Amino acid sequence: MATVPAVFPDVLILHQTDVGWLCEIESCRVFVARLQIAPGTTVPKEGERGTVAIAGYAAEDIRRALADRRNTI
């Protein structure tokens with residue numbers, strides 16, 4: 001089943017590696033692999049903020065984690 005990419009408008013790229021990025025999204029740190037980025041998305045450079053579209057089940061997992069965090073604060 002195909003999933004809709006999630007667009008996160010304010011992502012801070014904390015660290016970049018050959019396999020992906022350590023990001024901060026809504027004060028949560030997550031690792032996003034290169035293959036989890038939606039096609040056509042340009043990821044900001046390390047230390048910069050920007051919009052990132054994350055595809056597939058990774059997007060669902062991040063949405064769920066953010067929702068859980070909001071419900072516990």
Side-chain angles (χ1 to χ4, degrees):
M1 178 174 101
T3 59
V4 176
V7 177
F8 298 96
D10 186 28
V11 177
L12 173 62
I13 305 300
L14 299 169
H15 185 69
Q16 181 177 348
T17 70
D18 291 339
V19 295
W21 301 267
L22 178 61
C23 306
E24 188 173 283
I25 302 173
E26 295 183 24
S27 300
C28 289
R29 290 186 178 192
V30 296
F31 185 83
V32 180
R34 290 190 181 276
L35 294 176
Q36 295 172 323
I37 297 295
T41 300
T42 302
V43 177
K45 295 179 182 176
E46 189 172 307
E48 294 181 353
R49 289 186 177 276
T51 299
V52 176
I54 301 172
Y57 291 104
E60 292 177 15
D61 290 342
I62 292 171
R63 283 186 194 126
R64 194 173 312 116
L66 294 174
D68 288 347
R69 188 171 196 285
R70 283 186 214 111
N71 290 333
T72 59
I73 293 178

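Here, residue 1 is the first one in the sequence, and each next residue gets the next number. Remember, predicted model here, so these are calculated numbers, not experimental data.
- Minimum heavy-atom separation, P5 to A38: CB-CB, 4.1 Å.
- The two residues I62 and I25 come nearest to each other via the heavy atoms CG2-CD1, 4.3 Å.
- For F31 against Q36, the heavy-atom pair with the smallest separation is O-OE1, 4.1 Å.
- Of the possible polar contacts, one joining the R34 side chain to the T17 backbone as a donor-acceptor pair under 3.5 Å is found.
- To the nearest 0.5 Å, atom CD of residue E48 and atom CD of residue Q16 are 10.5 Å apart.
- Contact record, T41 with A53: OG1-CB, 3.4 Å, taken as the closest heavy-atom pair.
- L66 and L22 fall into different hydrophobic clusters, defined by Ile, Leu, Val, Met, Phe, Trp and Tyr side-chain heavy atoms under 4.5 Å apart, directly or through other members.
- Expressed to the nearest 0.5 Å, how far CG of L12 lies from SG of C23 amounts to 8.0 Å.
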Exercise. Determine, step by step, whether V11 and W21 satisfy the side-chain contact (heavy atoms from CB on, under 4.5 Å) criterion, reporting the C-alpha distance in whole Å, the side-chain angles of both residues, the deciding distance to 0.1 Å, and the verdict.
Key: CA-CA 11 Å; V11 177; W21 301 267; over 6 Å; no
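- Here the OH atom belonging to Y57 is positioned 10.5 Å from the CZ atom belonging to R64, to the nearest 0.5 angstrom.
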Practice problem: Could you please spell out the steps behind the side-chain contact (heavy atoms from CB on, under 4.5 Å) verdict for I13 and K45? | Solution: CA-CA 7 Å; I13 305 300; K45 295 179 182 176; over 6 Å; no
